[in-house]
Amino acid sequence: MIIGKLQLQEEKHEYVHAEIFAMGGTLREHVLVSLNIAASLKQRLRGTDCRAYMSDMKLQVKTMDAFYYPDVIVSCNKNDHQAEQYLSYPKLIVEVLSDSTEAYDRGAKFTAYRQLTSLEEYVLVDIKARSVECFRRTADNDWLLHVYTNTGVCDFVSLDVSIEMQEIFEVIVDHQQ
């Protein structure tokens, strides 16, 4: 579909090394957790140069000749804020794990994301385990893992933002009680 100068995809596909992969739908809990995180980040980033984007915004990894749809992206780059179809300079990426994508999110996708020099933090959210894994880029370009579980606060160090675990899993936790 073409609107003005923009060509919109009717279905979501990720593009990796000249191959196109159709993306399946997500479960309600996946959508709710992604929305909780994006809404919390949007609120806490208000008044800064950083913006939170949801899963309909594409992310380009130019060095890998790839486009992805992360669940949540935060960019603090003015070029991204003017982009119409895709971002290129994320500071933080969040992927909410599912049974069908967990291995890919931990493996090939993380390998691609590490090519983004702007990326400081990669976050994996495990709904079943009620945990958040934050991989943070160090000054030596290594990735340090910090795991948050159950209750307490999850720190997104790259953004100087903290979110209560209860807020991340809001509605999910309440639904199971």
Side-chain angles (χ1 to χ4, degrees), residues 26-27 29-61 66-83 86-98 101-174:
T26 58
L27 298 176
E29 289 184 339
H30 186 115
V31 173
L32 289 172
V33 168
S34 298
L35 180 59
N36 290 345
I37 294 168
S40 296
L41 289 171
K42 181 182 186 304
Q43 179 184 24
R44 287 163 174 83
L45 295 172
R46 192 170 276 127
T48 73
D49 291 333
C50 299
R51 294 188 189 150
Y53 298 87
M54 287 289 296
S55 61
D56 281 338
M57 185 55 124
K58 283 188 284 197
L59 173 68
Q60 180 186 40
V61 182
F67 287 90
Y68 299 97
Y69 286 96
D71 291 311
V72 179
I73 307 169
V74 174
S75 177
C76 305
N77 185 288
K78 64 182 177 183
N79 293 321
D80 276 349
H81 300 332
Q82 296 173 10
Y86 60 85
L87 305 178
S88 299
Y89 307 99
K91 189 169 195 166
L92 177 137
I93 296 174
V94 177
E95 294 286 5
V96 177
L97 302 175
S98 65
T101 65
E102 181 173 1
Y104 183 55
D105 290 342
R106 291 183 182 284
K109 200 178 256 191
F110 188 25
T111 298
Y113 290 165
R114 288 193 307 258
Q115 304 305 307
L116 296 162
T117 57
S118 63
L119 185 64
E120 296 179 21
E121 203 160 5
Y122 180 53
V123 179
L124 296 173
V125 180
D126 187 331
I127 294 172
K128 289 179 186 174
R130 300 291 190 269
S131 68
V132 177
E133 301 174 17
C134 295
F135 293 88
R136 298 182 184 121
R137 189 186 302 263
T138 69
D140 295 329
N141 207 32
D142 292 324
W143 289 87
L144 181 64
L145 170 64
H146 191 95
V147 179
Y148 300 92
T149 58
N150 301 319
T151 59
V153 174
C154 179
D155 297 315
F156 298 103
V157 174
S158 64
L159 304 173
D160 194 28
V161 166
S162 297
I163 302 174
E164 301 241 354
M165 292 291 284
Q166 181 179 351
E167 190 174 342
I168 291 171
F169 295 105
E170 181 182 15
V171 180
I172 307 303
V173 174
D174 293 341

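It should be emphasised that the depicted structure is a prediction, and the values quoted were computed from it without experimental measurement.
- Applying the salt bridge (charged side-chain N to carboxylate O under 4.0 Å, His left out) criterion to R106, with sequence neighbours excluded, gives E102, E133.
- A side chain to side chain contact (heavy atoms under 4.5 Å, CB included) with L124 is found for exactly one of D71, D105, V96, namely D105.
- Shown here are the salt bridge (charged side-chain N to carboxylate O under 4.0 Å, His left out) partners of D155, two or more places apart in sequence or in another chain: there are none.
- The aromatic rings of Y68 and Y104 sit tilted, their planes meeting at an angle between 30° and 60°.
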Which pairs would a plain distance check flag for residues 87-94, meaning a side-chain donor or acceptor within less than 3.5 Å of a matching protein atom at least two apart in sequence or in another chain?
unit_1: S88; atom_1: OG; unit_2: Q60; atom_2: OE1; d: 3.4
unit_1: K91; atom_1: NZ; unit_2: S158; atom_2: O; d: 3.4

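- Not counting sequence neighbours, N150 has no partner by the side chain to side chain contact (heavy atoms under 4.5 Å, CB included) test.
- Partners of H146 by ring-ring contact (aromatic ring centres under 6.0 Å, His included), not counting sequence neighbours, listed by chain and number: Y148.
- Evaluation of the salt bridge (charged side-chain N to carboxylate O under 4.0 Å, His left out) rule for R51 yields no partner, not counting sequence neighbours.
- Among residues two or more places apart in sequence or in another chain, the salt bridge (charged side-chain N to carboxylate O under 4.0 Å, His left out) test is passed with R137 by none.
- In this structure, the ring-ring contact (aromatic ring centres under 6.0 Å, His included) partners of Y86, at least two apart in sequence or on a different chain, are F67.
- Salt-bridge annotation for E120 and R136: absent, with no side-chain N of the basic residue lying under 4.0 Å from a carboxylate O of the acidic one.
- Pairs engaging residues 38-47 under the salt bridge (charged side-chain N to carboxylate O under 4.0 Å, His left out) rule: R44-E167 [sequence neighbours left out].
- In terms of the side chain to side chain contact (heavy atoms under 4.5 Å, CB included) criterion, residue partners of D126 (sequence neighbours excluded) are, by chain and number, L97, K128, A129, S131.
- The side chain to side chain contact (heavy atoms under 4.5 Å, CB included) check on T117 picks up nothing, with sequence neighbours excluded.
- Partners of S98 by side chain to side chain contact (heavy atoms under 4.5 Å, CB included), not counting sequence neighbours, listed by chain and number: H30, S100, T101.
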